[in-house]
Amino acid sequence: MVALYRYIVYFLWAGIITSCSSNLAAAQTQPCLMEVNAGEIVVGTATIAITGATIIDGNGGKPVDSGCVLIQGNKIAAVGKVGEVSVPTDAVIVNATGLTLLPGFIDAHFHLDNQHGLPALFLRHGVTAVRDPGAWMEAYDGERQPGSSVPRLFLSGPHLDMPPPAYPHDAYLVRDSIEVVHAVNRQIDEGASSVKVYFRMPPHLIRVACNTAHQRGVPVTAHLEITEAKEAIEAGLDGIEHITSFGLTLTPRRDAEKYRQAVWLDNNFRKDGRYRIWKDIHAVDPNTDSLSSYLVKKGTYVCPTLGPFEYRLENGHADTVKLMGFHTMKAVTAKFSQNGVRMVLGSHSMIPYAALGWAYQREMELWVESGIDPSDVIVAATMQNARYFKVDDRLGSIEVGKLADLVLIEGNPLQNISATRNIKRVMLNGAWINSNTR
Ligand SMILES: [Zn+2]
């Protein structure tokens, strides 16, 4: 019954979007790229002027000091300096002098993992949109209660995998191309705005998944372990999740095949085995440069998710293989970024070294620790993710016509990325959410 209701809401909403004749960019997004809760999010009705803040717009340009952003309803109506933007007399003025205003953060790799309330907590920490690349739509029913403030939920449905699955509860198993076509179409019909393929899928079936999804305008992303990344990208992938997915490509062929066979026989071999192959990979190496050039040429998005792989020396004890392996993962991530690969930020939501709800900020910090410029981190977190989701016509930056998803923080994240933890206020769709952030 709930599913039927969702279905009806979804198509009503889709109808609104496609039939909307507004000249604003927000009318352009295809219905199949919508967040599943689009029709449930509170729509702002007020005229609000946020004045005095430093604006970091998400496009990577120079920040605007003493900025003014005017919000009318749920959209950004004007952006400029205080004094340049004409503020209507009925506007609610929010004095944000001394604060920094950014586009809402977008999380390309969020897992709910039965953690009720986690999406709402992420929203309070500035994450206004998440993509879950592998969960049944129903898993989110408990988060979508009327009136609950949750981010825009971009779901993919269960990831497509082959037996034996690594995560049976989050997987949909396919055996041949007919089953792949059927599964992809059905998930898009149910509201999936992306498709995720898991590591047992061979390239010829990834190709079928990509062709089917692309016919509907939907992007496909992958977690790889036993398929080489370039072969998978040739099959049509739009994005790759996890820096570790490039392990086979960056490892000498004989060692790569050893790892591949071990994971093939035992899914769990990858958990420690990945550090063993990564400790011998070099970031400053012609192999890494040629892979970067390839990724740039193909326009592939890379979501490294460093957080789940982080390993630290604790109480003087350390597994040096893991320390070295993680160090190389960071170095290759930075190298990709320097070489111009389309980097996007995903938190993996629950990770070893972040308190519950702060994985997104930890991922940002890990990028900066790796050597990536904070300005590039913010672009990856906002506008580049919007492009990855194919919703950059309405989300991802502070620009006129975009939806008003905004975060006000204290401090300058370009000097100290951890300032993104100092959340002052979060706006979703033109409406402030509960400002109790801790
Ligand atoms: Zn994941």
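One-based numbering along the sequence shown.
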Q. Looking only at heavy atoms, which two atoms of A380 and M343 are closest? And how far apart?
A. CB-O, 3.2 Å

Q: Could you tell me which non-hydrogen atom of I55 sits nearest to which non-hydrogen atom of G80, and how far apart they are?
A: CD1-O, 3.9 Å

Q | Counterpart residues, salt bridge (charged side-chain N to carboxylate O under 4.0 Å, His left out), relative to K230 (two or more places apart) | A | none

(Q) Within this structure, what is the OG-NZ distance for the pair S375 and K62, rounded to the nearest 0.5 Å? (A) 12.0 Å

Q. Among all residues two or more places apart in sequence or in another chain, which pass the salt bridge (charged side-chain N to carboxylate O under 4.0 Å, His left out) test with K322?
A. D272

Q: Answer yes or no: is there a donor N or O on one side and an acceptor on the other, between the side chain of N74 and the main chain of G430, under 3.5 Å?
A: no

(Q) How long is the straight-line distance from CD of E40 back to CD of Q145, given to the nearest 0.5 Å? (A) 9.5 Å

Q.
Quick check: do M364 and L345 have side-chain heavy atoms less than 4.5 Å from each other?
A. yes

**Q.** Close side-chain approach of S193 and R131, heavy atoms under 4.5 Å
**A.** no

Q: Using a cut-off of 6.0 Å, state whether more than 12 heavy atoms not belonging to D90 lie near its atom CG.
A: yes

**Q.** ring-ring contact (aromatic ring centres under 6.0 Å, His included) against H159, all qualifying residues, sequence neighbours excluded
**A.** Y198

Q) For N185 and R216, what are the C-alpha separation, side-chain angles and deciding distance, and is it a side-chain contact (heavy atoms from CB on, under 4.5 Å)? A) CA-CA 8 Å; N185 277 322; R216 314 266 313 255; 3.1 Å; yes

Q: Taking the side chain as every heavy atom from C-beta outward, state whether D57 and V79 have any pair of such atoms under 4.5 Å apart.
A: no

**Q.** side-chain contact (heavy atoms from CB on, under 4.5 Å) partners for R342, two or more places apart
**A.** Y301, Q384

Q) Would you say the side-chain atoms of S397 pair up with the backbone N or O of G58, donor to acceptor, closer than 3.5 Å? A) no

Q | Backbone of T54 reached by a side-chain donor or acceptor of T100 within 3.5 Å | A | no

**Q.** Nearest-0.5 Å distance, CG of residue N59 to CD1 of residue I378
**A.** 12.0 Å

(Q) Side chains of P119 and V130, heavy atoms from C-beta outward: is any pair under 4.5 Å? (A) no

**Q.** salt_bridge(K81, E84) N-O dist < 4.0 Å
**A.** no

Q. Among pairs that include at least one residue of residues 206-215, which meet side chain to side chain donor-acceptor pair (under 3.5 Å), considering only residues two or more places apart or in two chains?
A. H214-D238

(Q) Taking ring-ring contact (aromatic ring centres under 6.0 Å, His included) as the definition, give me every residue that meets it alongside F199, ordered by chain and number, with sequence neighbours left out. (A) H223

Q: For D285, enumerate each residue passing the salt bridge (charged side-chain N to carboxylate O under 4.0 Å, His left out) test, keeping only those at least two apart in sequence or located in another chain.
A: none

Q: Kindly indicate, with the supporting measurements, whether the criterion side-chain contact (heavy atoms from CB on, under 4.5 Å) is fulfilled by I76 and E399.
A: CA-CA 7 Å; I76 295 168; E399 287 179 276; over 6 Å; no

Q | Under 3.5 Å donor-acceptor, D161 side chain and A171 backbone | A | no

Q: Given side-chain contact (heavy atoms from CB on, under 4.5 Å), test N37 with V150 step by step and report yes or no.
A: CA-CA 9 Å; N37 58 339; V150 291; 3.6 Å; yes

(Q) Quick one: does any side-chain atom of T47 pair with a main-chain N or O of A91 as donor and acceptor, under 3.5 Å? (A) no

(Q) Quick check: closest heavy atoms across F246 and A229, and the distance to 0.1 Å? (A) CD2-CB, 3.7 Å

Q | Minimum-distance pair of heavy atoms, taken over all atoms of A213 and V220 | A | CB-CG2, 3.5 Å

Q: Only counting residues at least two apart or in another chain, list the ones meeting salt bridge (charged side-chain N to carboxylate O under 4.0 Å, His left out) with R152.
A: E35, D405

Q. Would you say the side-chain atoms of S337 pair up with the backbone N or O of T333, donor to acceptor, closer than 3.5 Å?
A. no

(Q) Give me each pair satisfying ring-ring contact (aromatic ring centres under 6.0 Å, His included) with a member in residues 58-106, each pair once, sequence neighbours excluded. (A) F105-Y360

Q.
Does R312 qualify as a cation-pi partner of Y353, given the criterion of NZ or CZ under 6.0 Å from the six-membered ring centre and within 45 degrees of its axis?
A. yes

Q. Are the side chain of T288 and the backbone of V284 linked by a donor-acceptor contact shorter than 3.5 Å?
A. no

Q. Does R144 reach the main-chain N or O of V36 with its side chain, forming a donor-acceptor pair under 3.5 Å?
A. yes

Q: Starting at CG of D107, measure out to CG of L123 and round the result to the nearest 0.5 Å.
A: 12.0 Å

Q. Does T420 reach the main-chain N or O of I417 with its side chain, forming a donor-acceptor pair under 3.5 Å?
A. yes

Q.
What I want to find out is whether K196 reaches E241 closely enough, with some N-O distance under 4.0 Å, to be called a salt bridge.
A. no

Q. In Å, rounded to the nearest 0.5 Å, how long is the span from CD of E363 to CD of E310?
A. 9.5 Å

Q.
I'd like to check the side-chain contact (heavy atoms from CB on, under 4.5 Å) partners of A96; sequence neighbours left out, ordered by chain and number.
A. I50, A53, L99, L408

(Q) Just verifying a value: how many Å separate I56 CD1 and I409 CD1, rounded to the nearest 0.5 Å? (A) 6.5 Å

Q | Passing option when E225 is tested against R270, R200, K271 for salt bridge (charged side-chain N to carboxylate O under 4.0 Å, His left out) | A | R270

Q.
I want to check something: taking the side chain as every heavy atom from C-beta on, are K298 and L237 in contact at a cut-off of under 4.5 Å?
A. no

Q | Main-chain N/O of Q115 paired to D113 side chain as donor or acceptor, under 3.5 Å | A | no

Q. Does the side chain of V218 reach to within under 4.5 Å of the side chain of Q187, using non-hydrogen atoms?
A. no

Q. Cut-off 3.5 Å, side chains only: do Y140 and D132 have a donor facing an acceptor?
A. yes

Q. Any idea which heavy atoms bring G357 and L118 closest together, and the distance?
A. N-CD1, 4.1 Å

(Q) Contact between F389 and L33 at the side-chain level, heavy atoms closer than 4.5 Å - yes or no? (A) no

Q. Is there a side-chain contact between E234 and Y294 (heavy atoms, below 4.5 Å)?
A. yes

Q: Take H348 and H242 through the test side-chain contact (heavy atoms from CB on, under 4.5 Å) and record every step on the way to the result.
A: CA-CA 10 Å; H348 214 270; H242 314 304; 3.7 Å; yes

Q | side-chain contact (heavy atoms from CB on, under 4.5 Å) against A78, all qualifying residues, sequence neighbours excluded | A | L70, V85

Q: Would you name the heavy atoms of K330 and L366 that are closest together and state the gap between them?
A: CE-O, 4.2 Å

Q) Taking only residues two or more places apart in sequence or in another chain, which ones pass ring-ring contact (aromatic ring centres under 6.0 Å, His included) with F326? A) none

